[in-house]
Amino acid sequence: MNEARESTAHAGAGSKLAIVIMAAGKGTRLKSRRPKVLHEVGGKPLLAHVIAAAGKIVPPSDIVAIVGHQAERVRAAVADSGIRFVEQTEQRGTGHAIQTAAAAIGGYEDFIVLSGDAPLVRAETIEGLWQFHRNERAAMTLVSTEPEHAVPYGRVLRKSPGSCEVVGIVEQNMLTLDQQPLREINMGMYAFRTAPLLRHIGELTAGNPQGELYLTDMAHVLYKAGERVVVFRHQDLDELLGANTIAEVMALDAKLRLAKVRALMDSGVTIFYPETCVIDADVEVGADTVIEPYVQLLGRTRVGSECRIRSYTVVENCTVGDNTILRQSCVLADSSIGNGADIGPFARMRPGCEIGDHVHIGNFVETKKSKLGNGVKAGHLAYMGDSEIGENVNVGAGVITCNYDGIKKSLTRIGANAFVGSDSTLVAPISIGEGTYIGAGSCITRDVPAGALAVGRARQVTKEGWADARRAKIAAAKNA
């Protein structure tokens with residue numbers, strides 16, 4: 001299910017499906033100033049995971065996030081998703097949230113409600129709920145499960161044993177003694193037929209200790225109104241669990257990352273000691289690539305086939321070609337690397353670099369916003385910032401492109417097949433022609449034409465006997 005399917009088989013705005021994501025809560029038990037849905041698992045906010053799953057069922061324009069606490073911050077974090085937002089300026093419960101969204105969902109025949117803090121939800125589960133809801137011709141369908149051990153979730157009250165029909169949901173803190181043995185719990189995921197929901201949602205009352213309007217109470221409201229309310233039984237409790245504490249957020253992160261490395265290994269990637277690696281949800285890795293322990297692949301990193309990424313390397317938002325090796329302890333960000341490259345160990349690649357095929361960047365070499373052509377070699381201890389370097393250039397140890405004059409950054413251009421000797425300083429803006437040789441230890445401040453030799457250093461002076469005479473003078477002074 002790689003693309004959003006058609007919402008229904010029928011035409012017309014009144015027959016479409018919307019997905020509403022609850023994202024307004026403060027998450028007070030997290031004891032964090034950050035909005036709950038912006039805490040990250042798998043390298044992106046909780047809410048972003050839910051949006052991604054919903055986006056496989058309906059297009060972004062049919063997804064509505066209800067925001068409230070720090071609404072603008074939440075909007076900004078997922079602004080590129082293309083979804084719509086409704087602001088619940090006063091957080092008075094989940095039922096009130098849907099009341100706030102009435103205008104946004106009014107044109108749809110049905111809508112599904114998801115929790116913005118349940119990042120493990122799968123598109124297949126959303127699809128299954130939707131189809132079950134349609135087949136049952138229900139006004140409301142809720143998702144339930146029966147865990148092995150008691151959890152603090154609302155209990156489902158079925159009309160009769162074995163029936164899928166529901167008469168209500170009771171929150172744990174409001175269970176009567178007779179209801180205490182009930183084990184089936186409500187997972188906070190629903191499908192509604194829009195018309196009856198909007199017709200009756202005004203009947204919700206705040207008769208609970210929190211003084212809030214609970215969406216769960218719609219089960220009993222609709223049942224009393226003669227509408228059909230049913231339950232969709234789901235077996236995987238973990239998939240729909242939210243998080244109320246930092247420890248629970250991190251538990252979700254661990255589950256998501258474990259699922260990620262297993263999926264990569266199932267696709268032909270070798271990962272040694274996968275529990276030590278940090279691989280974000282959106283990372284892609286080609287078959288026959290080997291990932292050693294303690295590697296971090298972050299953001300939207302793409303790694304080709306038959307690569308090797310050695311221990312302690314961190315790669316963030318990079319594209320890496322096939323047959324490339326990233327040696328130990330490299331730190332790479334927002335850059336691209338071609339095929340057959342050899343990077344590191346201890347190399348740093350700052351944002352904006354484009355590294356060609358078969359490039360060698362060795363230990364303690366730093367690049368920043370630079371383009372290196374195919375076959376470039378910089379073996380050790382060099383800095384290339386704001387530079388364009390042609391094919392097959394050799395950059396010696398200790399070479400520096402001086403790209404900043406204290407006011408602005410300037411560009412260094414080095415033509416193909418040039419040789420830049422060790423410990424040379426290239427003061428930008430400057431252009432070094434093709435096939436040029438730069439003598440070791442030079443400070444080059446003017447352009448060098450193609451095929452030339454440039455040497456910019458003081459002439460060596462040798463004074464024979466000078467050191468012996470100085471030592472003799474010092475010794476005489478001490479004996480005086």
Side-chain angles (χ1 to χ4, degrees), residues 43 280 282-286 289 291 295-305 307-310 312-405 408-420 424-432:
D280 282 353
D282 291 336
V283 169
E284 297 178 8
V285 184
T289 284
I291 299 172
V295 164
Q296 295 186 42
L297 302 179
L298 309 176
R300 297 185 176 275
T301 290
R302 305 286 183 266
V303 179
S305 301
C307 297
R308 191 171 191 105
I309 305 178
R310 308 212 61 180
Y312 302 105
T313 285
V314 180
V315 186
E316 183 172 8
N317 295 321
C318 289
T319 300
V320 180
D322 299 332
N323 300 107
T324 286
I325 182 167
L326 306 180
R327 299 185 184 276
Q328 295 92 333
S329 300
C330 295
V331 179
L332 318 177
D334 300 289
S335 296
S336 64
I337 302 169
N339 300 321
D342 185 342
I343 311 297
F346 303 104
R348 185 181 181 197
M349 196 172 294
R350 291 162 60 189
C353 293
E354 299 177 35
I355 309 301
D357 297 340
H358 307 291
V359 169
H360 172 52
I361 294 178
N363 49 287
F364 304 106
V365 173
E366 179 178 346
T367 56
K368 172 256 177 186
K369 201 176 179 180
S370 291
K371 184 175 182 179
L372 278 61
N374 298 337
V376 169
K377 293 179 174 57
H380 25 237
L381 301 164
Y383 171 70
M384 292 166 282
D386 297 282
S387 57
E388 295 178 1
I389 301 177
E391 294 186 357
N392 301 313
V393 168
N394 185 89
V395 179
V399 169
I400 297 173
T401 61
C402 300
N403 57 328
Y404 183 52
D405 63 4
K408 65 181 186 301
K409 303 289 180 67
S410 297
L411 182 67
T412 295
R413 290 187 174 90
I414 304 177
N417 302 303
F419 182 97
V420 183
S424 292
T425 302
L426 309 179
V427 181
I430 196 167
S431 178
I432 309 297

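This one's a predicted model, so the numbers in the text were calculated from it and none came from an experiment. Just the heavy atoms: all of them, side chains too, but no hydrogens, waters or symmetry mates, feed the values below.
Taking OG1 of Thr367 as the reference point, atom CD1 of Ile343 lies at 8.0 Å (rounded to 0.5 Å). Atom CZ in Arg300 sits 10.5 Å away from atom CG in Asp280 (nearest 0.5 Å). For the atom pair CD1 (Ile400) and OH (Tyr383), the distance works out to 9.5 Å, reported to the nearest 0.5 Å. Once rounded to the nearest 0.5 Å, the distance linking CG of Asp386 with SG of Cys402 reads 12.0 Å. Atom-to-atom distance recorded for Ile432:CD1 and Arg413:CZ is 12.0 Å, nearest 0.5 angstrom. Interatomic distance, CZ of Arg348 versus CG of Leu332, reported as 10.5 Å (0.5 Å rounding).
When all heavy atoms of Ala382 and Val395 are compared, the closest pair comes out as CB-CG1, 4.2 Å. Of all heavy-atom pairs spanning Gly362 and Ala347, the tightest one is O-CB, 3.8 Å. In terms of heavy atoms, Asn323 sits closest to Cys307 at N-SG, 3.7 Å. Contact detail for Ser370 and Ser387: the closest heavy-atom pair is OG-OG, 2.7 Å.
Not one N or O on the side chain of Thr412 forms a donor-acceptor pair closer than 3.5 Å with the backbone of Gly385.
Using a cut-off of 4.0 Å between Lys/Arg side-chain N and Asp/Glu carboxylate O, Glu284 and Arg302 are scored as salt-bridged.
For the side-chain contact (heavy atoms from CB on, under 4.5 Å) with Asn339, the lone residue among Val320, Asp322, Asn374 that qualifies is Asp322. A side-chain contact (heavy atoms from CB on, under 4.5 Å) with Cys318 is found for exactly one of Pro351, Ser335, Cys353, namely Ser335.
In this structure the side chain of Ile361 reaches within 4.5 angstrom of the side chain of Leu372, judged on heavy atoms. Using a 4.5 Å heavy-atom cutoff, the side chains of Val303 and Leu326 are not in contact. Annotation: side chain of Asn363 is in contact with side chain of Pro345 (closest heavy-atom distance under 4.5 Å). Residues Gln328 and Tyr312 fail the side-chain proximity criterion, which asks for heavy atoms closer than 4.5 Å. Counting heavy atoms from C-beta outward, Val399 and Met384 have side chains that stay 4.5 Å or more apart. In this structure, the side chains of Asn403 and Lys368 come closer than 4.5 Å at one or more pairs of heavy atoms. A heavy-atom distance below 4.5 Å is not found between the side chains of Val376 and Ile414. The shortest side-chain heavy-atom distance between Asp342 and Arg327 falls under the 4.5 Å cut-off.
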Checklist line | Working for salt bridge (charged side-chain N to carboxylate O under 4.0 Å, His left out), residues Glu388 and Lys371 | finding: CA-CA 5 Å; Glu388 295 178 1; Lys371 184 175 182 179; over 6 Å; no
Notebook entry, point to check: For Leu297 and Ile291, what are the C-alpha separation, side-chain angles and deciding distance, and is it a side chain to side chain contact (heavy atoms under 4.5 Å, CB included)?
Noted result: CA-CA 10 Å; Leu297 302 179; Ile291 299 172; 3.8 Å; yes
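With 3.5 Å as the limit, one finds no donor-acceptor pair spanning the side chains of Ser336 and Thr319.
The local environment of CZ in Arg350 is crowded, with over 12 non-hydrogen atoms from other residues, nucleotides or ligands closer than 6.0 Å.
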